[in-house]
Protein chains: 2
Amino acid sequence: MTITQAEENYLKAIFKISEKSDKPALTNAISAVMQTTAASVTDMLKRLAEKDLISYEKYKGVQLTEEGNRLATALIRKHRLWEVFLTEKLGFAWDEVHELAEQLEHVQGNDLVGRLDAFLGHPKFDPHGDPIPDADGRWAYRKQSPLATLQAGDHGVVTGVEDHSSAFLQYLDQLGLGLGAGIELIERFPYDQSVRIRTSDNREMVLSEKVSQNLYIKTG
Amino acid sequence: MTITQAEENYLKAIFKISEKSDKPALTNAISAVMQTTAASVTDMLKRLAEKDLISYEKYKGVQLTEEGNRLATALIRKHRLWEVFLTEKLGFAWDEVHELAEQLEHVQGNDLVGRLDAFLGHPKFDPHGDPIPDADGRWAYRKQSPLATLQAGDHGVVTGVEDHSSAFLQYLDQLGLGLGAGIELIERFPYDQSVRIRTSDNREMVLSEKVSQNLYIKTG
DNA sequence: AAATATTTTTAGGTTTGTCTAAAAATATTT
DNA sequence: AAATATTTTTAGACAAACCTAAAAATATTT
């Protein structure tokens, strides 16, 4: 059974929606992620159900089957490994790699993924701090919390982002708050929930609530 | 104007046919390379002519326009750079890389090719000894001749292959005649044009006329 | 519960890239 | 040059992946 690139992209979209909630992924949610119409989604859901990659009940949304989940996980693994390659080996910035990885993840054959993984030294996280599942689909877990949930006096290290947009990533670069940056929360202003932090290189800055919600910190 | 992957593959096929002869590439020749029917080729030729990538006269075959040639050259550049990556960095054998590079060559965006090229150290030849055009489409030239044209007593180094099939490449591996292998032609047997050679590590062997026609040597 | 709004599906159409079968053009043989 | 063979094109279909517009189902208001 062959799986097309379009089908792979839908599987990934369904996976991402399902991560956030246990409820079935709805047509409209999928169409939003895929940037298509609801009608196109319904079309594709029928195909995916036919291939037993999702379980689909009309008007009730969909869930990945075991096989669908396996495929989606493999895709995310490929995507994130290529992102590591693009940043670590080719020198791309973390806000430039998504589009390219989106294409590279569909390349298949032989033991490409395994060899790439080995070449990169079996990385556990991608350039945005997202975990890379291993060959058996197991995810590395790392305790991290949004900066927004820390208390004054807490110390930690930037380990990930919620928002993956170029705008946000470039802003973080500008602030010197890439992955691995050390920070301490000095105070939170009740008025707008903005926070004052100190970086490990002793700079102080104020971050909006929006930034603090999209920035993950490993404390301790 | 967008160019699809299928269109790109046809351009490459036409380029390869045009390399061998100055005459226009014929429908049947293209269908043979592309493994499709003549009808499908005619269909595609119309599309490519519409986009000014080829000049097409009914029943007379096609030729690449300047733009078509530029695109085909860029594709071959990408293909061969990825082949270098796959062998040099990921450790694939020279007979395993074609299919993968066939997919990777269609990935586009940003300065991927340029960065890949730099990462690989601006290689001039791919793992099969084929030249890699530079960013401006210029080809490295290297004087080489089929082993079949050498004279007894001639010395040289294996620099390329005419036949790119797995079967041939693996046979060469088995004989220890990869790129860079040094050889001397001892004698040619008039009966079947087979040749006896000595390798630089002092092994003697007899190669069929077929092998000698498909193996390129740089003499001197 | 009826009316209204929203979501999802169906129906029918388009483009890309393929196919087979038949027709037209070109090339080769006698 | 006529007959035959080969090559190429046209005509008509098909699947994948999308679309719009209308219908059906579900959810929310009143």
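Order of the sequence lines sets the chain letters (A, B, ...), proteins ahead of strands, with each chain counted from 1.
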With sequence neighbours excluded, what pairs up with [X] under the side chain to side chain contact (heavy atoms under 4.5 Å, CB included) test?
| X | value |
| --- | --- |
| S194(B) | F189(B), D192(B), V206(B) |
| E7(A) | I3(A), T4(A), M44(A), R47(A), L48(A), K51(A) |
| T42(A) | T27(A), K46(A), Y56(A) |

Is there any protein nitrogen or oxygen under 3.5 Å from a nitrogen or oxygen in nucleotides 3-6 of chain D, and what are the pairs?
none

- Protein proximity profile, nucleotides 10-20 of chain C - base contact B, sugar-phosphate-only contact S, no contact -, cut-off 4.0 Å on heavy atoms: B-----SBBBB

Which pairs would a plain distance check flag for residues 165-172 of chain B, meaning a side-chain donor or acceptor within less than 3.5 Å of a matching protein atom at least two apart in sequence or in another chain?
unit_1: S165(B); atom_1: OG; unit_2: D163(B); atom_2: OD1; d: 3.1
unit_1: S165(B); atom_1: OG; unit_2: D163(B); atom_2: OD2; d: 3.2
unit_1: S165(B); atom_1: OG; unit_2: F168(B); atom_2: N; d: 3.2
unit_1: S166(B); atom_1: OG; unit_2: D95(B); atom_2: O; d: 3.3
unit_1: Q170(B); atom_1: NE2; unit_2: D95(B); atom_2: OD2; d: 2.6

- Report the secondary structure of DNA chain D in dot-bracket form, marking unpaired bases with a dot and bases paired to a different strand with |, and treating Watson-Crick or G-U pairs with both distances under 3.5 Å as paired. ||||||||||||||||||||||||||||||

- Which of these passes side chain to side chain donor-acceptor pair (under 3.5 Å) with S40(A): T36(A), D43(A), T37(A)?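 Of the listed residues T36(A), D43(A), T37(A), the side chain to side chain donor-acceptor pair (under 3.5 Å) partner of S40(A) is T37(A).
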
What pairs with [X] under salt bridge (charged side-chain N to carboxylate O under 4.0 Å, His left out), at least two apart in sequence or on another chain?
| X | result |
| --- | --- |
| R70(B) | E67(B) |
| D22(A) | none |
| D52(B) | none |
| R77(B) | D117(B) |

- When the distance from CD of E57(A) to C1' of dT8(C) is rounded to whole Å, what number comes out?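 Taking atom C1' of dT8(C) as the reference, CD of E57(A) is at 14 Å.
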
Would you list the atom pairs, donor with acceptor, under 3.5 Å between side chains in residues 79-93 of chain B and any protein atom, with sequence neighbours excluded?
unit_1: H79(B); atom_1: ND1; unit_2: E105(B); atom_2: OE1; d: 2.8
unit_1: H79(B); atom_1: NE2; unit_2: E83(B); atom_2: OE2; d: 2.9
unit_1: H79(B); atom_1: NE2; unit_2: H98(B); atom_2: ND1; d: 3.4
unit_1: R80(B); atom_1: NH1; unit_2: P131(B); atom_2: O; d: 2.7
unit_1: W82(B); atom_1: NE1; unit_2: L104(B); atom_2: O; d: 3.3
unit_1: E83(B); atom_1: OE1; unit_2: H128(B); atom_2: ND1; d: 3.2
unit_1: T87(B); atom_1: OG1; unit_2: E83(B); atom_2: O; d: 3.1
unit_1: T87(B); atom_1: OG1; unit_2: V84(B); atom_2: O; d: 3.1

